[in-house]
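Heads up: the structure comes next, in structure tokens.
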There are 2 protein chains.
Amino acid sequence: MKSEPDASRLAAWRSFLEAHARVTSVLEEELEAEKDLPLTWYDVLVQLEESAEHRLRMTDLAGAVLLSKSGLTRLIDRMCGAGLVERAPDPFDRRGTYVILTTAGYDRLQDAAPVHMRGVEEHFARYLSDAETAAIHEGFTRVLEGVQSRLR
Amino acid sequence: MKSEPDASRLAAWRSFLEAHARVTSVLEEELEAEKDLPLTWYDVLVQLEESAEHRLRMTDLAGAVLLSKSGLTRLIDRMCGAGLVERAPDPFDRRGTYVILTTAGYDRLQDAAPVHMRGVEEHFARYLSDAETAAIHEGFTRVLEGVQSRLR
DNA sequence: CTACGATTGTTGCACAGACAACCAGTTGGA
DNA sequence: TCCAACTGGTTGTCTGTGCAACAATCGTAG
């Protein structure tokens with residue numbers, strides 16, 4: 001029963017941490033500079049765009065973008081103010097609130113996506129071989145399953 | 001000249017993001033619960049412990065733990081208050097300040113490290129084959145070189 | 001049908017971190 | 001030698017986020 005990572009895995013872990021920090025900060029910077037859009041806003045727009053009817057309940061959205069309920073409440077306040085999303089009550093559960101992508105929000109996402117995608121290609125994807133890409137995807141998927149199952 | 005990642009690389013990117021978020025949050029949680037130590041504090045302690053003389057200049061430390069200058073000033077304020085590090089003027093450059101690991105800080109790190117290492121093993125390393133580990137390390141190292149060189 | 005526990009979302013509060021302005025100290029060129 | 005430009009660090013201020021407490025609503029056991 002091993003309780004510590006070996007040296008090679010620790011090195012992988014460290015490169016993982018640093019790569020994440022550096023790359024996301026560059027991406028954030030570029031998206032902010034070129035499209036004046038925080039990465040958190042972008043994430044929300046993506047999640048909504050990929051959901052049925054372009055809408056999601058607050059709780060589900062919070063889970064998807066990894067924010068606390070209160071954090072999301074405030075974020076959605078701001079994004080409503082900017083007209084990118086709107087709130088609508090759930091007619092079948094009057095406690096619930098849907099967050100819905102507006103057309104302005106959809107347009108904003110369409111406008112910003114190329115910049116973000118270019119960043120992901122330029123600062124991340126281009127450095128990975130096909131084999132490495134597969135290894136990363138498979139390995140991390142397993143890691144994720146592990147963390148998820150821990151909760152239930 | 002490709003400007004967007006292909007589907008497999010985008011999938012890898014997404015699993016990368018989510019794995020990072022989930023795993024670090026679990027690690028933070030565990031370290032906080034078992035050793036009452038925020039991950040940022042732990043990072044500072046590790047950086048100092050690995051440095052010559054157990055000391056680092058504010059600016060260098062800020063770079064190492066990826067914090068702004070002001071952010072680090074406040075963090076070190078708190079850690080000084082807790083007695084884990086101390087400040088000392090650089091005699092050769094009177095603008096500069098060293099942050100030095102105290103013995104209490106060293107002990108605290110020795111105490112916390114096994115918990116953190118166990119977490120890295122348990123929630124990350126154990127899910128990766130040798131080949132995946134190598135691919136992650138090599139791929140991300142290249143990614144990092146790319147981001148670094150961008151700055152200079 | 002009622003009453004109680006669970007769930008949904010918002011609010012008050014506190015805190016960590018970023019940015020910009022600043023001071024003190026250093027360096028290099030006229 | 002002196003001054004201008006730069007560097008290292010701290011401070012004021014603001015923003016974003018988490019936690020705990022709350023109100024409203026739901027679902028279910030009795």
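Labels below follow one simple rule: chain letters A, B, ... track the order of the sequence lines, proteins then strands, and each chain is numbered from 1.
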Quick one: [X] [atom1] to [N] [atom2], roughly how many Å, whole number?
| X | N | atom1 | atom2 | result |
| --- | --- | --- | --- | --- |
| A:Leu75 | C:dG9 | CG | P | 14 Å |
| A:Asp77 | C:dG9 | CG | C1' | 11 Å |
| B:Tyr98 | D:dT10 | OH | P | 14 Å |
| A:Glu32 | C:dA18 | CD | P | 14 Å |
| A:Ile76 | C:dT8 | CD1 | P | 17 Å |
| B:Leu72 | C:dC19 | CG | C1' | 16 Å |

**Item:** Inter- and intrachain pairs under ring pair (Phe, Tyr, Trp, His ring centres under 6.0 Å), touching residues 60-111 of chain B, at least two apart
**Value:** B:His54-B:Tyr106
**Prompt:** Is there any ring pair (Phe, Tyr, Trp, His ring centres under 6.0 Å) pair reaching into residues 62-88 of chain B, and which pairs are they, with sequence neighbours excluded?
**Reply:** none
**Fill in**
Per the under-4.0 Å heavy-atom filter, residues of residues 41-59 of chain A near DNA chain D come out as none
**Request:** State whether the distance check finds a donor on one side and an acceptor on the other, under 3.5 Å, for side chain A:Ser70 versus base D:dG18.
**Result:**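 Answer is yes: a donor-acceptor pair is held.
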**Message:** In this structure, would B:Ile100 and B:Trp41 fall into the same cluster of hydrophobic residues linked by side-chain contacts under 4.5 Å?
**Reply:** no
**Prompt:** Which heavy-atom pair separates B:Leu84 from B:Leu101 by the least distance, and what is that distance?
**Reply:**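 Heavy-atom minimum between the residues: O-CD1, 3.9 Å.
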[X] with [Y]: basic N within carboxylate O range, under 4.0 Å:
| X | Y | answer |
| --- | --- | --- |
| B:Glu18 | B:Arg22 | yes |
| B:Asp90 | B:Arg95 | no |
| B:Arg108 | B:Asp111 | no |
| A:Asp6 | A:Arg9 | yes |

**Earlier contact from the 5' end, DNA chain D, for A:Leu66 and B:Thr97** = B:Thr97
Taking N or O atoms only and anything under 3.5 Å, show me the protein contacts with nucleotides 13-16 of chain C, one pair per line.
{"from": "C:dA16", "atom 1": "O5'", "to": "B:Arg78", "atom 2": "NH1", "distance (Å)": "3.4"}

**Prompt:** If you count the non-hydrogen atoms of other residues, nucleotides and ligands that lie under 6.0 Å from CZ in A:Arg87, is the total more than 12?
**Reply:** yes
**Prompt:** Which letters describe nucleotides 21-29 of chain D, given B = protein heavy atom under 4.0 Å from base, S = only from sugar-phosphate, - = neither?
**Reply:** ---BBS---
**Request:** Please confirm whether the backbone N or O of A:Thr141 pairs with a side-chain atom of B:Ser15, one donor and one acceptor, at under 3.5 Å?
**Result:** no
**side-chain hydrogen bond (donor to acceptor under 3.5 Å, both in side chains) involving B:Arg142 - partner list, sequence neighbours excluded** = A:Glu132
